[in-house]
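So the structure is just underneath, and the comments pick up after that.
This one's a predicted model, so the numbers in the text were calculated from it and none came from an experiment.
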Amino acid sequence: MPKAKGKSRRHKYSYNLNRKRLYRSARRRAAPRIACSHIRHAWDPSKSVAQNLAEMGLSEDPNKALPIPKKRMGMEVETNGQQPGKKIVRKPYVVNEMEYEASLPEKKSNTLSRDLIDYVRYMIQNHGENYKEMARDEKNYYQDTPKQIKRKINVYKNFYPEEYKDFIASLKPEKMDVQ
């Protein structure tokens, strides 16, 4: 098998690359990027990561915080019951706020696009429950099959049950007037 082109070629030194700037930016990366706002506000940049986390009551190494008991030949090794050096938590509010935030129920952020809602309403309005007719409709731009259209309508029903009931109720009087 032949070698890939350019692999055996000698690498040239790039004179245009500013290596001083690269070195400076690497040194400045001392402060970690923190996603949690509670930790970010309680963070002290003059202290190390381990000191900051210890003050907040958090662990820097989860393996040390909750060690896995060692098993030897099916029997557990007993410990003396003494815990190594208890650390003083100076900022317990950080852990309390994080626990409170984690206990809140999750919001449903499921929404359908306006285009899909309009598409489903148009199909139901013009064709009712006839999915084969819907598949042949000119507004079926993506050439959905009858099963795909039925699935989209069911998704709409599940996401907006009240809105769907109101929509179906508004269609019934129109059909009565036509006959």
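The two residues Ser59 and Asp61 make their nearest non-hydrogen contact at OG-O, 2.9 Å. Residue Ala42 comes nearest to Val94 through the heavy atom pair CB-CG2, 3.5 Å, listed as atom of the first residue, atom of the second, then distance. Taking each heavy atom of Ile117 and Leu112 in turn, the nearest pair found is CD1-O, 3.9 Å. Of all heavy-atom pairs between Ala135 and Asp144, the closest is CB-O, 3.7 Å. When every heavy atom of Tyr119 is checked against every heavy atom of Lys139, the shortest pair comes out as CE1-O, 3.8 Å.
Put simply, SG on Cys36 and CE on Met56 are 9.0 Å apart, with the number rounded to the nearest 0.5 Å. Once rounded to the nearest 0.5 Å, the distance linking CG of Leu53 with CD of Gln51 reads 10.5 Å. Distance check: Leu58 CG to Lys91 NZ gives 11.0 Å after rounding to the nearest 0.5 Å. Distance CD1/Ile124 to OH/Tyr156: 7.0 Å, rounded to 0.5 Å. Remark: Ile168 CD1 to Arg121 CZ distance equals 9.5 Å, nearest 0.5 Å. Distance check: Arg136 CZ to His127 NE2 gives 9.5 Å after rounding to the nearest 0.5 Å.
With Asn52 contributing its side chain and Trp43 its backbone, the two residues share no donor-acceptor pair below 3.5 Å. Between the side chain of Asn158 and the backbone N or O of Asn154 there is at least one donor-acceptor pair closer than 3.5 Å.
The shortest distance between side-chain heavy atoms of Gln125 and Leu171 falls below 4.5 Å. The shortest distance between side-chain heavy atoms of Met123 and Lys152 does not fall below 4.5 Å.
Between the side chains of Ser14 and Asn16, not a single donor N or O lies within less than 3.5 Å of an accepting N or O. Side-chain atoms of Glu129 and Tyr131 include a donor-acceptor pair closer than 3.5 Å.
Two different hydrophobic clusters hold Val95 and Val89 under the rule that ILVMFWY side chains link at heavy-atom gaps under 4.5 Å. With hydrophobic clusters built from ILVMFWY side chains whose heavy atoms lie under 4.5 angstrom apart, Met98 shares a cluster with Val49.
Annotation for Arg40: atom CZ counts as buried by contact number, over 12 foreign heavy atoms lying within 6.0 Å.
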